[in-house]
Each structure stands twice: as structure tokens, then as C-alpha cells.
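In what follows, a single structure is set out as C-alpha cells and then discussed.
Order of listing sets the numbers, starting from 1, for every ligand and every atom in it. Numbers for residues simply follow the sequence, beginning at 1.
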Amino acid sequence: MKEFDLIELIRRECAHARDDVRVGIGDDGAVLTTRDGHDLVVATDTLVSGVHFPASTTPYDIGWKALAVNLSDLAAMGAEPAWATLALTLPTPDPAWVAAFAGGFAALARPHGVALVGGDTTLGPLTITVTVHGFVPRGAALLRSGARVGDLVCVTGELGDAAAALEHFDVAALRERLDRPVPRVRAGIALRGRASAAIDVSDGLLADLGRLCAASGVGARLDEAPPMSGALLQACTAAVALVHAWTGGDDYELCFTLPPESLVEVRGLPDKGVPIATLGRIVATPGVRVVDSRGNDVTPARRGYEHFA
Ligand code: ADP
Ligand code: MG
């Protein structure tokens, strides 16, 4: 199939109508209307086959995940998604593959009102780069740098499933979390003006919280285990499950900090059915430490995924 026909296939599926898209796919660039009184938040993530998803992942799930990991970055900024671009490198111009990929992308784009407004299509090893754009009221973006000593460390949802799926390919409930992560967009928006700092958990909770702490010039002392799913606890021993929950990548939950007096209010706010758990506190001493009920240090040696390790 020709490049033009592949692009047309993607356009039909993913070019959601929005008033602020003056020119979308089809010209040399997209022409987009920005919003008065708002900041534009932009994020990019690349997925490489065999690195960011197993080579056996279906094209539908790859399309879903390529957008999901990007929307997760907008969620961590408290931004409302608007537009996306897609740079697609394909080993073969297979229309069935591209149609399924676009189907997965559109299945997540539609409920979030995201319009695909441009991209590029090339031949080469399977690699997908998505850029997303979203809005926050001026000055209201959630940053990594706002955590203060005494804040609670919180997390949405359950952790560790995606990492466990890499060892238990056949457990559908775990595989679902790896292949179709659900970005916490509504939770992120609800946390604006309430959370003091936020980050999404893509490389592992301890690793990502470590980045938040470093950006804020603080540390964290964690004394409660992260919430874990029934599927995780059934597939792994308690000790292995806990290591996945602390350090496993690909969860795409939000980790955030909060003045303690805001917890009750925040628990009532975000996505229905997305629980919020507290894990510990922000402290002045740099670094992230996990302690047991007796105060002994039980921090796992490995903290998360590191591409250039
Ligand atoms: P150019 O030569 O200007 O780079 P292309 O032929 O690469 O144009 O793309 C034609 C149009 O299709 C452009 O509007 C571009 O943004 C869009 N496009 C190309 N590939 C994709 C893709 N994978 N997803 C969405 N839009 C795409
Ligand atoms: Mg091009």
C-alpha cells in the first residue's frame, strides 16, 4: 500500500473533529487555535518494539498504548488533552496492521476528545512516536518541583501488574494492564490546585518518586505498601509482588504529594473507581526510603527501569 493511502486510513479513524483545529492532516503543518488564559502543555513519548512493548503485542494494543503513555504525561501535568501528532515507522506498509493500530489509537483518543492533527509515516524498524498537546489554566500545571516537607505521598490505583505481566504473559488481568494502560487524565485535572507535585509512574514508583523528590529538593519516607491487585498477589509470592509494586514500570498511575489537610477533599474528587492510597511522607533528607512497621529500612536495591543502565 502507498504512503498516502496509509495516512488516509489513519486520518479517517483518528482525525476527531474539534473547533480549535483549523487545518489538520493534509497540509504541510497543522493550524491550531490556542486558548486565552491557558498554558499549552506538550509531551512526547516513543515506543520501540521489543523495548516498550513485547514484539507479540497486537497492533490495536500498540495504538492504544502509544497514545496512553502520552496522555499519562498530560495527566501528570493536570492538562486537558486536545491534539496529537503521530510519527510512525513501519517495517512493512501493511494496511490491516495500520487499520488495527489506528483502531486502538482512536478507541482511546475519542473519549478524551483528542484529534490527530498530523504526523509522518516512514519505513524502518517498528517505532511509534506520539506528541500530545493539552491545556491548563495559566499557571495551574502540576509540576514535579512543588513537594514540601510534611506533605503526604499518594498514588492512584494499583501498582505492579504491568511488570508482573512480563513474567506471566498468560494471566489476562495482568496482560491487560501492560497492553492497555488507562491514563489518569481526570484524576490529574482534579488534582490541579490541590496536589503540591505530581509525576506519572512509567519507570517504577521508587524511580519516579525519586525524580519528583529531586526536582523538589526533598526526600520521601514510605511506610505503607502500595495497593496491589488480586491478580498480582495470586500470580506472585508476596515478596515478589511487593518488588513489582515498588519498582515495576509501565503502570501509568499518578504519584503525587499533598498537604495532609487536603486528603479528605482529594479522595472525594478524581475518577470514580480510581482509589487513592497514601504511602508515606515527604521529608527533608534527600532520597526515597521504604521502611517496615518497625522502622527498618527495606528499600529494594533496584528502583526501576533505566534505559541507559
Ligand atoms: P510532508 O511531505 O509535508 O512531510 P507527508 O506526506 O509526510 O507531508 O504527510 C502528509 C500529511 O499527512 C501531513 O499533513 C502530515 O502531517 C500527515 N501525516 C503523515 N503521516 C501521518 C501519520 N502517521 N499520522 C497522522 N498524520 C500523518
Ligand atoms: Mg512527512
Side-chain angles (χ1 to χ4, degrees), residues 1-35 38 40-75 77 79-135 179-183 185 200 202 250 252:
M1 198 178 228
K2 293 248 183 56
E3 184 187 329
F4 173 84
D5 300 312
L6 292 177
I7 296 170
E8 184 51 27
L9 218 163
I10 294 169
R11 191 193 61 76
R12 249 183 283 142
E13 196 78 31
C14 306
H16 182 87
R18 289 180 60 100
D19 293 345
D20 54 11
V21 180
R22 298 170 74 88
V23 179
I25 293 171
D27 213 309
D28 294 310
V31 182
L32 308 166
T33 306
T34 53
R35 239 185 248 182
H38 286 70
L40 184 63
V41 179
V42 182
T44 299
D45 258 324
T46 294
L47 302 191
V48 178
S49 181
V51 179
H52 299 93
F53 55 87
S56 63
T57 309
T58 67
Y60 184 97
D61 287 342
I62 296 169
W64 173 288
K65 189 166 181 173
L67 182 59
V69 303
N70 277 279
L71 293 184
S72 178
D73 282 324
L74 290 187
M77 301 299 290
E80 178 197 325
W83 314 309
T85 57
L86 165 66
L88 191 54
T89 302
L90 299 170
T92 51
D94 174 359
W97 193 98
V98 170
F101 172 91
F105 189 100
L108 187 61
R110 223 174 289 121
H112 288 288
V114 171
L116 184 67
V117 298
D120 200 20
T121 307
T122 50
L123 210 60
L126 181 59
T127 305
I128 303 105
T129 299
V130 173
T131 302
V132 287
H133 307 72
F135 291 105
D179 292 338
R180 301 231 190 125
V182 177
V185 172
D200 69 323
S202 54
D250 267 2
Y252 301 102

His38 and Phe135 aromatic ring geometry - parallel, tilted or perpendicular at 30°/60° bounds: perpendicular
If you measure from atom 14 (O) of ligand 1 to every heavy atom of Ile10, Val23, Asp27, which option wins on shortest distance? Asp27
Of Leu86, Asp120, Ile7, which has the heavy atom at the shortest distance from atom 9 (O) of ligand 1? Ile7
Output the list of atoms in ligand 1 that are nearer than 4.0 Å to some heavy atom of Gly118, sorted by atom number. 16 (O), 24 (N), 25 (C), 26 (N), 27 (C)
Per-atom filter on ligand 1: closer than 4.0 angstrom to a heavy atom of Gly26 are 11 (C), 13 (C), 14 (O)
Nitrogen or oxygen of Leu88 less than 3.5 angstrom from that of ligand 1: no
Please round to the nearest 0.5 Å and tell me the distance separating atom CD of Glu3 and atom CG of Leu90. 10.0 Å
N/O donor-acceptor pair under 3.5 Å between Trp64 side chain and Val182 backbone: no
Approximate separation, where rounding is to 0.5 Å, of Thr89 OG1 and Ile128 CD1: 8.5 Å
Using modelled atom types and a 3.5 Å cut-off, is there a donor and acceptor pairing between side-chain atoms of Ser56 and backbone atoms of Pro54? no
So the atoms of ligand 1 within less than 4.0 Å of a heavy atom of Glu3 turn out to be 6 (O), 7 (O)
Hey, which atoms in ligand 1 end up nearer than 4.0 Å to a heavy atom of Ile25? 12 (O), 14 (O), 17 (C), 25 (C), 26 (N)
Should you measure from each heavy atom of Asp28, which atoms of ligand 1 turn up under 4.0 Å away? 3 (O)
Out of Leu9, Thr121, Thr122, whose heavy atom sits nearest atom 23 (N) of ligand 1? Thr121
Under-4.0 Å salt bridge between Arg180 and Asp61: yes
Under 3.5 Å donor-acceptor, Asn70 side chain and Asp45 backbone: yes
Please work out whether any backbone atom (N, CA, C, O) or any side-chain heavy atom from C-beta onward of Arg11 is under 4.0 Å from ligand 1, and answer side chain, backbone, both or neither. neither
